[in-house]
Student: 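Encoded as structure tokens, here's the structure I'll be asking about.
Letters A, B, ... are given to chains in the order of the sequence lines, protein chains preceding strands, and every chain is numbered from 1.
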Protein chains: 2
Amino acid sequence: MTELGRPARDRAGELGTDLTVGADAVGSSLALVKSAGRVLQILEMFDEIQREARVSEIAERLNFPQSSTSVLLKCLAQMGYLDYDAGSRSFLPSPRVALLGAWLDKGPVRDGSLVRMLEHLSERTGGTVILAARNAIFSQYVHVLQARTAMRFHVPTGTRRLVVWSATGTALLADSPDAEISPLVRRTNAEAMAEQPPIQVAAVMANLARVRRDGHFFSRGLVTPGAGSIAVPLPKRIDRKGRPLAVAISGLVDEFERREAHIVATIQDAIARFLVHMD
Amino acid sequence: MTELGRPARDRAGELGTDLTVGADAVGSSLALVKSAGRVLQILEMFDEIQREARVSEIAERLNFPQSSTSVLLKCLAQMGYLDYDAGSRSFLPSPRVALLGAWLDKGPVRDGSLVRMLEHLSERTGGTVILAARNAIFSQYVHVLQARTAMRFHVPTGTRRLVVWSATGTALLADSPDAEISPLVRRTNAEAMAEQPPIQVAAVMANLARVRRDGHFFSRGLVTPGAGSIAVPLPKRIDRKGRPLAVAISGLVDEFERREAHIVATIQDAIARFLVHMD
DNA sequence: TCCTTTCCATCACATATGTGATATTTATTG
DNA sequence: CAATAAATATCACATATGTGATGGAAAGGA
């Protein structure tokens with residue numbers, strides 16, 4: 001049987017250690033087609049470690065059984081999506097995957113300036129840096145740079161939060177017309193009710209008002225107790241199709257209380273500096 | 001130049017119509033894990049059409065059963081790799097996939113100048129433009145721009161040719177030490193013998209000598225009768241890890257006979273113009 | 001509006017896939 | 001060079017997945 005409970009490394013104890021924030025990433029029930037999800041998890045894992053890896057490491061990191069991992073990797077290599085180095089018995093994404101999503105963005109995503117901006121933010125703030133996009137009723141973390149501090153929240157790529165009730169989600173909704181909000185909240189309450197107490201439209205609207213007024217949104221443990229997130233909507237047109245994107249920095253709420261102004265300034269400066277040259 | 005024997009499916013009638021060149025792309029026996037391959041085929045298909053698509057179209061293009069396609073696409077959307085637009089019932093890769101392979105190349109692949117070069121070649125020559133990388137005993141077509149002419153060979157992305165016996169393969173091997181060739185030919189004969197008569201080391205070496213001397217290799221129906229390909233090795237360092245890549249233009253062998261010098265010049269000019277600024 | 005056509009979701013069975021256990025291979029150590 | 005440890009491949013079964021068939025929903029036409 002699969003182990004649905006969180007593995008031991010996730011025991012968050014008392015804020016004294018590495019908090020792993022809930023990751024419904026891709027696994028479990030979300031994957032109607034198991035290996036479909038795994039393929040992409042593997043590619044995303046490489047995105048994170050940026051070097052070759054061997055079967056055992058991949059199996060361990062992603063919590064796949066070793067035997068399945070072995071078969072899947074071999075298959076991906078045969079198809080030419082991974083290169084296999086027999087000497088080191090290690091795998092690495094082939095040039096073929098580099099082209100997979102390339103056409104999607106002629107702008108900052110493709111030329112790397114968006115990623116550079118995220119790296120810059122990571123260095124400057126030390127916090128967890130998150131790039132989020134909307135997916136149905138969720139804000140999904142599309143790219144995550146883990147925090148550099150000793151005490152940190154670990155947030156896997158692919159993590160999802162309710163778009164109407166999270167820092168990144170609020171930022172993503174900043175440009176949506178008011179008329180869409182209320183139906184969205186209803187839908188959210190309908191679909192995600194089991195896990196959350198119902199969300200109030202008024203509260204969501206209040207958050208939206210703030211992000212629209214201030215240009216950023218500070219969530220004080222909106223989702224994860226102890227965690228603060230400062231989210232900022234990215235300019236439209238970052239994505240080729242104009243889909244909204246948002247950045248957020250996450251860290252300890254107490255620390256972020258104090259540094260709020262500075263962090264906001266850092267983010268906005270970074271956006272201005274790194275994302276100017278859009279076609 | 002000897003002409004290799006080949007399976008019946010390549011015997012393409014009288015050259016009067018659109019020849020579909022054999023595509024062992026990803027399907028069939030190659031996919032030890034069916035849906036793993038399909039996921040990537042889907043992403044590659046979007047790369048080709050560069051717009052949203054609906055279930056039926058995707059199923060048709062890729063020859064997947066509609067029911068399976070439906071489930072798989074829904075799953076990918078749930079995981080956030082595709083965006084689903086309920087209005088048009090269409091799917092499109094999300095920004096999440098744009099980042100998948102981005103880290104692999106800081107250079108021409110990532111910033112798009114490689115792709116621009118390929119597009120340029122497509123416009124200038126009208127032929128099928130192929131980017132190939134090595135995968136075990138194969139040269140695999142990593143990116144393909146279909147020809148613009150009425151009479152054309154259709155070559156799917158993912159197609160594989162023997163690296164020791166194809167235009168792109170010969171170009172890929174140009175920088176390999178001689179000592180590697182003979183074992184590679186033996187391995188090829190061992191693994192692919194059933195489909196091909198044995199390949200002679202001497203013939204391969206002769207081809208290599210030509211590509212090294214001329215900087216390009218013209219295959220006159222080496223694999224596909226009626227098709228000519230002119231392949232040129234790309235400079236090392238295009239790929240971050242220094243893996244070899246090659247471009248090729250394919251078309252009618254008779255026409256290419258005449259245009260050979262011009263096409264070679266066009267390719268080499270394009271390489272010089274588009275791929276100069278490598279880090 | 002109703003009829004026709006196209007497109008998609010769903011079902012239940014046949015089958016491909018995932019997995020724990022185990023064998024095999026490769027690396028490490030004495 | 002054994003002997004041990006680590007890593008990966010393989011096997012056979014349990015199970016998740018793929019699929020043709022079917023019905024329902026949306027789009028198009030009269």
Side-chain angles (χ1 to χ4, degrees), chain A residues 1-5 7 24-43 45-46 49 51-79 81-92 136 187 191, chain B residues 24-43 45-46 49 51-79 81-92 136 187 191:
Chain A
M1 245 322 162
T2 334
E3 177 166 323
L4 281 182
D24 65 4
V26 170
S28 61
S29 62
L30 237 177
L32 292 176
V33 180
K34 189 165 357 188
S35 52
R38 287 184 169 175
V39 167
L40 294 160
Q41 283 187 81
I42 287 171
L43 294 181
M45 186 218 67
F46 277 112
I49 67 174
R51 56 173 175 76
E52 67 255 351
R54 318 207 304 181
V55 173
S56 56
E57 179 184 356
I58 297 171
E60 200 169 322
R61 280 179 178 269
L62 300 176
N63 271 287
F64 301 164
Q66 175 263 317
S67 57
S68 317
T69 310
S70 189
V71 174
L72 184 54
L73 289 173
K74 190 194 295 177
C75 170
L76 290 172
Q78 272 198 297
M79 295 188 295
Y81 296 105
L82 298 181
D83 281 343
Y84 177 62
D85 179 56
S88 59
R89 283 183 289 169
S90 64
F91 295 85
L92 185 74
R187 185 176 157 205
E191 293 186 25
Chain B
D24 65 4
V26 172
S28 61
S29 62
L30 238 178
L32 292 176
V33 180
K34 191 166 351 190
S35 52
R38 287 185 169 175
V39 167
L40 294 160
Q41 282 187 82
I42 288 172
L43 295 181
M45 186 219 66
F46 277 112
I49 66 174
R51 56 173 174 75
E52 66 245 354
R54 317 208 303 181
V55 173
S56 55
E57 180 184 355
I58 297 171
E60 201 169 322
R61 281 179 178 270
L62 301 176
N63 270 286
F64 302 164
Q66 176 263 316
S67 56
S68 317
T69 310
S70 191
V71 175
L72 185 53
L73 289 172
K74 190 194 295 176
C75 170
L76 290 173
Q78 273 198 295
M79 296 187 295
Y81 296 104
L82 298 180
D83 280 344
Y84 177 63
D85 179 56
S88 58
R89 285 184 287 171
S90 64
F91 295 84
L92 185 72
R187 185 175 159 205
E191 292 185 26

Student: Write down the distance between CG (B:Leu72) and C1' (D:dG18), rounded to a whole number of angstrom.
Tutor: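 After rounding, the gap between these two atoms is 11 Å.
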Student: Of all heavy-atom pairs between A:Ala36 and B:Met79, which one has the smallest distance, and what is that distance?
Tutor: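 Closest pair (atom of A:Ala36, atom of B:Met79, distance): C-CE, 4.3 Å.
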Student: If the cut-off is 4.0 Å, is A:Arg38 near the phosphate of D:dA16, judged by side-chain N/O to OP1 or OP2?
Tutor: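 Indeed not, no polar side-chain atom of A:Arg38 lies that close.
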Student: Is there a side-chain contact between A:Lys34 and the phosphate of C:dT19, meaning an N or O under 4.0 Å from OP1 or OP2?
Tutor: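 Yes, A:Lys34 has a side-chain N/O under 4.0 Å of OP1/OP2 on C:dT19.
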Student: For residues 64-77 of chain B, pull every pair meeting side-chain hydrogen bond (donor to acceptor under 3.5 Å, both in side chains), keeping only residues two or more places apart or in separate chains.
Tutor: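 Not a single pair qualifies under side-chain hydrogen bond (donor to acceptor under 3.5 Å, both in side chains).
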Student: Could you check how far CG of A:Leu73 sits from P of C:dT17, rounded to whole Å?
Tutor: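 Answer to the nearest Å: 16 Å.
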Student: Compare all side-chain heavy atoms of A:Leu82 with those of A:Phe46 and state whether any distance is below 4.5 angstrom.
Tutor: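 When only atoms from C-beta onward are counted, A:Phe46 and A:Leu82 do touch, with a gap below 4.5 Å.
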Student: What is the separation between atom CZ on A:Phe64 and atom P on D:dA16, rounded to the nearest whole Å?
Tutor: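 The distance from CZ of A:Phe64 to P of D:dA16 comes to 17 Å, rounded to the nearest Å.
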Student: Angle between the two end axes of the helix from C:dT1-D:dA30 to C:dG30-D:dC1, five base pairs per end, rounded to 10 degrees?
Tutor: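 If I round to tens, the end axes sit 50° apart.
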Student: Please determine which of B:Val71, B:Val39, B:Leu43 meets the side-chain contact (heavy atoms from CB on, under 4.5 Å) test together with B:Leu76.
Tutor: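 Exactly one candidate clears the test, B:Val39.
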Student: Under a 4.5 Å cut-off applied to non-hydrogen side-chain atoms, are A:Leu72 and A:Arg38 in contact?
Tutor: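 A side-chain contact under 4.5 Å exists here.
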Student: Could you encode protein contacts along nucleotides 7-13 of chain D as a string, one character per nucleotide from 5' to 3', using B for base contact, S for sugar-phosphate-only contact and - for no contact, with a heavy-atom cut-off of under 4.0 Å?
Tutor: SBBB---
Student: Look up atom CZ in B:Arg54 and atom CZ in B:Phe91, then write down how far apart they are to the nearest 0.5 Å.
Tutor: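 Nearest 0.5 Å value for the CZ-CZ distance: 10.5 Å.
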Student: Nearest whole angstrom, please: distance from the P of C:dG18 to the CG of A:Asn63.
Tutor: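 Spelled out: CG on A:Asn63 to P on C:dG18 is 16 Å.
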Student: Could you check how far CD of A:Gln41 sits from C1' of C:dG18, rounded to whole Å?
Tutor: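 It works out to 15 Å between those atoms.
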Student: Measure the shortest side-chain to side-chain distance between A:Ile49 and A:Arg61 over non-hydrogen atoms and say whether it is less than 4.5 angstrom.
Tutor: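 A side-chain contact exists here, since the closest heavy-atom pair is under 4.5 Å.
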Student: Counting C-beta onward and ignoring hydrogens, is there a side-chain heavy-atom pair between B:Ile42 and B:Ile58 closer than 4.5 Å?
Tutor: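 Sidechains of B:Ile58 and B:Ile42: in contact.
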Student: Quick one: B:Asp85 CG to C:dC7 P, roughly how many Å, whole number?
Tutor: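 Atom CG in B:Asp85 sits about 17 Å away from atom P in C:dC7.
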Student: What is the distance, rounded to the nearest whole Å, between atom CD of B:Gln78 and atom P of C:dA9?
Tutor: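 After rounding, the reported distance stands at 12 Å.
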Student: Got A:Met45 and A:Leu62 here, is their nearest side-chain heavy-atom distance under 4.5 Å?
Tutor: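 They are in side-chain contact.
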